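A short worksheet on the structure shown next.
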Amino acid sequence: MRRVHDVGGTPGFGPIGIEKDEPVFHEEWEGRVFGMMTTIGHRTFPMRPTIESIEPQTYLTSSYYEKWLIALEIGSVQNGTFSADELRDRVEYHRQHPDASVSQNHDTDLARSTWHDRYSQRSPKYDGDPTFTVGDPVLTRNIDPSEHTRIPRYAQGKQGVVHALRGVYDLLDLKVQGVRKPEPVYTVGFDARELWGGEAELSQRIYIDLWESYLLRPGST
Amino acid sequence: MRRVHDVGGTPGFGPIGIEKDEPVFHEEWEGRVFGMMTTIGHRTFPMRPTIESIEPQTYLTSSYYEKWLIALEIGSVQNGTFSADELRDRVEYHRQHPDASVSQNHDTDLARSTWHDRYSQRSPKYDGDPTFTVGDPVLTRNIDPSEHTRIPRYAQGKQGVVHALRGVYDLLDLKVQGVRKPEPVYTVGFDARELWGGEAELSQRIYIDLWESYLLRPGST
Amino acid sequence: MSDHDHDQFHDPTDSEVRAKAVESLLAEKGLLSTDAVDSIVEQYENDVGPMNGARVVARAWTDPEYKRRLLEDGGDAVAELGYGDEHSARLVVVENTSQVHNVIVCTLCSCYPWSVLGLPPTWYKSETYRARVVKEPRAVLSEFGLDLDDSIEVRVWDSLSELRYMVLPERPEGTDHMTEEELAAEVSRDAMIGVAKAGNG
Amino acid sequence: MSDHDHDQFHDPTDSEVRAKAVESLLAEKGLLSTDAVDSIVEQYENDVGPMNGARVVARAWTDPEYKRRLLEDGGDAVAELGYGDEHSARLVVVENTSQVHNVIVCTLCSCYPWSVLGLPPTWYKSETYRARVVKEPRAVLSEFGLDLDDSIEVRVWDSLSELRYMVLPERPEGTDHMTEEELAAEVSRDAMIGVAKAGNG
């Protein structure tokens with residue numbers, strides 16, 4: 001079953017709250033959380049699956065950077081960087097001492113390696129030929145795992161047409177578990193009526209980037 | 001797409017909080033809300049669709065009777081019983097005057113009619129023969145409407161076996177819109193592996209009461 | 001700052017005030033009999049509760065003919081004992097045996113056999129129970145202290161139509177000498193939902 | 001009283017304290033360079049933002065050959081102007097015309113072309129936008145003040161893999177006399193997401 005983060009098409013959400021002249025970060029801590037996650041997140045724990053593991057109630061009522069902060073806490077405790085007790089004590093310390101400074105780390109090698117890691121996710125090599133080509137009809141799979149995946153619920157078991165080949169990338173369902181499986185990624189176009197039936201708006205198409213593992217030839221099941 | 005209330009099988013929820021020696025109502029207002037909804041709810045607005053229309057964030061973070069209270073407010077404003085302004089003013093009045101009494105209504109005809117209405121939902125007449133019989137394999141439809149329905153997401157597009165015929169009831173998808181369509185209801189049994197694949201627990205079956213409209217003969221699509 | 005406009009979420013401590021406002025308005029508009037509300041609250045606080053179901057179970061344990069009728073038509077059988085209303089006319093009773101364990105849920109809402117069990121506990125109505133018990137009933141039952149052998153078939157009843165379900169638990173060992181009334185005292189609400197066995201409480 | 005144990009939900013006002021604790025611990029454990037954090041924050045607050053994308057758009061409006069390259073390989077084309085990193089090597093640019101309007105979303109998360117647009121606005125990351133724009137884009141665009149004729153095809157790009165998307169808006173009428181720099185000032189962030197047209201701001 002999909003987790004609650006997979007919200008595409010879910011009814012019931014209200015109007016979109018648009019803020020004029022929004023700052024990059026509303027609070028200083030948001031910037032720190034952003035910086036921490038982008039430097040260590042991908043290196044030390046799988047960021048997205050950790051965010052997706054947040055309890056549904058908390059997920060839907062937390063702001064974006066609150067979710068990142070929760071994920072930093074969960075991920076760091078789960079991978080043993082620090083214990084839940086250490087964290088609790090340290091939070092309590094900073095609560096009691098609002099002016100206490102945050103520990104610094106000026107290791108220049110570490111600073112360099114973080115940046116390097118972040119920008120070194122090159123596309124992997126792939127020997128085979130792509131199974132599909134532009135214009136091919138495709139049927140998306142119903143896979144429905146509890147684990148991380150990049151095919152959203154609303155696009156499962158639907159017919160579309162290959163719009164473009166985008167190159168080869170590690171299938172993220174496995175990569176977050178530490179397994180590399182390079183595969184072609186296609187942009188697949190869907191008619192809105194295929195996805196939403198009679199509730200679809202007029203003349204609309206939806207394009208989604210999908211790994212080859214998510215796709216079948218229609219009729220082949 | 002399913003609304004957020006359709007939670008069967010959704011991962012990520014934590015342990016179940018069990019309260020010892022729980023009272024029937026934890027607060028007096030819960031009893032009043034329960035009493036109000038059970039006397040007027042079904043008569044004046046469709047209770048369940050109204051609860052399901054609550055915004056997902058609010059739905060998942062409100063207690064049971066909080067949801068009922070929100071539904072009483074939404075339903076009564078939508079059907080014109082009172083206006084949002086009237087409600088806001090009255091809430092403000094009771095906030096400012098915590099000891100002010102609540103209005104009473106001792107109309108005995110009204111008291112009788114409420115009870116009568118509540119207990120008069122008899123099974124409707126139905127002339128046809130049920131399409132399926134005990135032991136028949138069935139395939140559940142993928143219907144996926146935004147409106148009220150009683151087939152949960154997790155049981156859509158799945159194969160099961162008719163376990164029992166339960167009689168004829170108005171299809172609730174339509175009844176909440178004021179349309180009566182009496183149909184046979186079947187209890188359908190599903191193997192857990194059909195619903196959850198490799199994530200299923202050992203030797204488990206799930207039984208769900210489903211209206212005939214939700215069911216197909218396998219292979220008939 | 002937040003993804004959502006938190007103002008739209010009500011303050012739960014405000015519920016009392018809001019419930020008063022709604023009740024006053026409904027009463028004034030001539031739609032709500034406050035006497036009817038009084039009587040419903042009183043009924044569920046004092047008269048209707050799991051003791052109804054417990055007496056039904058005790059009778060079924062001591063009277064095989066009654067048990068047969070109960071499993072055949074739950075509504076008629078509980079009416080014999082003076083319980084139920086139009087809703088319980090749609091009551092289905094499912095029997096636990098040494099090979100089969102039943103458990104009840106309503107994943108879409110919180111449907112529950114009020115007339116024989118009273119109002120459901122908070123956990124039964126929680127998203128957590130509703131989400132989990134259809135998928136991992138053994139793990140859930142374990143949290144209630146009930147560990148089932150792998151050989152036992154677990155049957156989960158998702159009661160989301162007009163029918164209501166109740167579990168007939170197994171009669172505990174060593175209760176042969178007990179009167180019907182003593183037996184009823186062995187039957188907890190949780191045993192009739194299926195998250196416990198009878199006689200454990 | 002509640003279905004959930006609300007204690008498990010953090011207090012948002014507490015986030016500052018919790019962020020300090022996490023940063024201190026990660027720094028002390030030798031996992032986090034706080035200098036790197038400083039530099040990232042500084043970069044996104046001051047250097048990277050929608051002006052990057054706006055200059056790309058302005059160039060495409062004035063140089064047909066550049067536009068061709070941009071639509072063919074977004075990553076290479078923005079690199080020509082000195083923008084981008086490994087992420088933008090996977091940039092896809094989709095073109096608005098009088099017949100087609102494009103809009104970008106990531107329904108599973110909030111994927112966004114950081115290197116050309118900076119960090120996304122809060123509404124882009126909200127569940128509301130993510131849930132609604134794939135299903136009712138016209139209604140959503142209308143809330144942004146953009147009412148599209150029924151004859152225009154709306155294309156929604158749900159960018160949830162490793163690729164990132166940016167919209168090339170239509171060049172507004174009456175801008176023939178403008179310099180590239182003046183044109184860039186006509187291109188808002190919202191126009192490059194697809195919830196506005198260029199030249200409206």
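What you see is a predicted model, and the numbers here were worked out from it, not measured in a lab. The sequence lines fix the lettering, A, B, ..., with proteins before strands; numbering per chain opens at 1.
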Please flag which part of B:L195 lies under 4.5 Å from any non-hydrogen atom of chain C: side chain, backbone, both or neither.
neither

What part of C:K29 gets within 4.5 angstrom of chain B, counting heavy atoms only: side chain, backbone, both, or neither?
side chain

Which atoms of B:T149 approach chain C - backbone, side chain, both or neither, heavy atom under 4.5 Å
backbone

Given C:R189, C:R138, C:R132, the one with more heavy-atom pairs under 4.5 angstrom with chain B than any other is C:R138

Tell me if a side-chain donor or acceptor on B:E22 pairs with a main-chain N or O of C:P121 at a distance below 3.5 Å.
no

Does any N or O in the side chain of B:T38 come within less than 3.5 Å of the main-chain N or O of C:I40, such that one atom is a donor and the other an acceptor?
no

Got C:K125 and B:S63 here, is their nearest side-chain heavy-atom distance under 4.5 Å?
no

Pick one of side chain, backbone, both or neither for B:E28, based on which atoms fall under 4.5 Å of a heavy atom in chain C.
neither

With a 4.5 Å cut-off on heavy-atom pairs, point out which of C:V41, C:V134, C:V22 contacts chain B the most.
C:V134

Salt bridge flag under 4.0 Å for residues B:E92 and C:R18:
no

Any sub-3.5 Å donor-acceptor pair from B:N105's side-chain atoms to C:A27's backbone N or O?
yes

Any non-hydrogen side-chain atom of B:E27 less than 4.5 Å from a side-chain atom of C:E16?
no

Tell me the closest heavy-atom pair linking C:V133 and B:Q204, and the distance in Å.
O-NE2, 4.4 Å

When B:I206, B:T187, B:D209 are each screened for side chain to side chain contact (heavy atoms under 4.5 Å, CB included) with C:W157, the one that passes is B:T187

Using a cut-off of under 4.5 Å for heavy-atom pairs, which of C:D38, C:V103, C:N102 has the most such pairs with chain B?
C:D38

Which answer fits B:H148, side chain, backbone, both or neither, if we ask what part of it has an atom under 4.5 Å from a heavy atom of chain C?
neither

May I ask you to name which of C:S161, C:A19, C:A131 has the most heavy-atom pairs under 4.5 Å with chain B?
C:A131

Quick one: what part of C:Y165 sits under 4.5 Å from any heavy atom of chain B, side chain, backbone, both or neither?
side chain

Side chains of B:F34 and C:V37: does their closest heavy-atom pair fall under 4.5 Å?
no

Over all atoms of both residues, closest heavy-atom pair of B:P98 and C:K20:
O-NZ, 3.0 Å

Is the backbone of B:P15 close enough, under 3.5 Å, to the side chain of C:E143 for a donor and an acceptor to pair up by distance?
no

Residue pair B:I18 / C:F144, side-chain heavy-atom distance below 4.5 Å
yes

Between C:T122 and B:E19, is any side-chain donor less than 3.5 angstrom from a side-chain acceptor?
no

Side-chain contact, heavy-atom cut-off 4.5 Å: C:L26 with B:S76?
yes

Can a donor-acceptor pair be found, under 3.5 Å and without considering hydrogens, that links the side chain of B:Q104 to the backbone of C:S24?
no

Where is the tightest heavy-atom contact between C:L160 and B:R150, given as atom of each residue plus distance?
O-NH1, 2.9 Å

With a 3.5 Å distance limit and no angle check, can you tell me whether C:R130 reaches the backbone of B:H5 through a side-chain donor-acceptor pair?
yes

To check you understand the geometry: which heavy-atom pair defines the closest contact between C:E127 and B:Y59, and what is its length?
OE2-CE2, 3.2 Å

Check whether B:V33 gets within reach of chain C through its side chain, its backbone, both or neither, counting any heavy atom under 4.5 Å.
side chain

Pair B:S203-C:E153, side-chain donor/acceptor within less than 3.5 Å:
no

Is the ring centre of B:Y64 less than 6.0 Å from the ring centre of C:W123?
no

For residues 105-112 of chain C, dump all side-chain donor-acceptor pairs below 3.5 Å to protein atoms at least two apart in sequence or in another chain.
residue, atom, partner, partner atom, Å
C:T107, OG1, C:D158, OD1, 3.4
C:T107, OG1, C:D158, OD2, 2.7

Could you tell me whether the side chain of B:D107 reaches within less than 4.5 Å of the side chain of C:S33, counting heavy atoms only?
no

Cationic N near anionic O, under 4.0 Å, B:R90 to C:E23
no

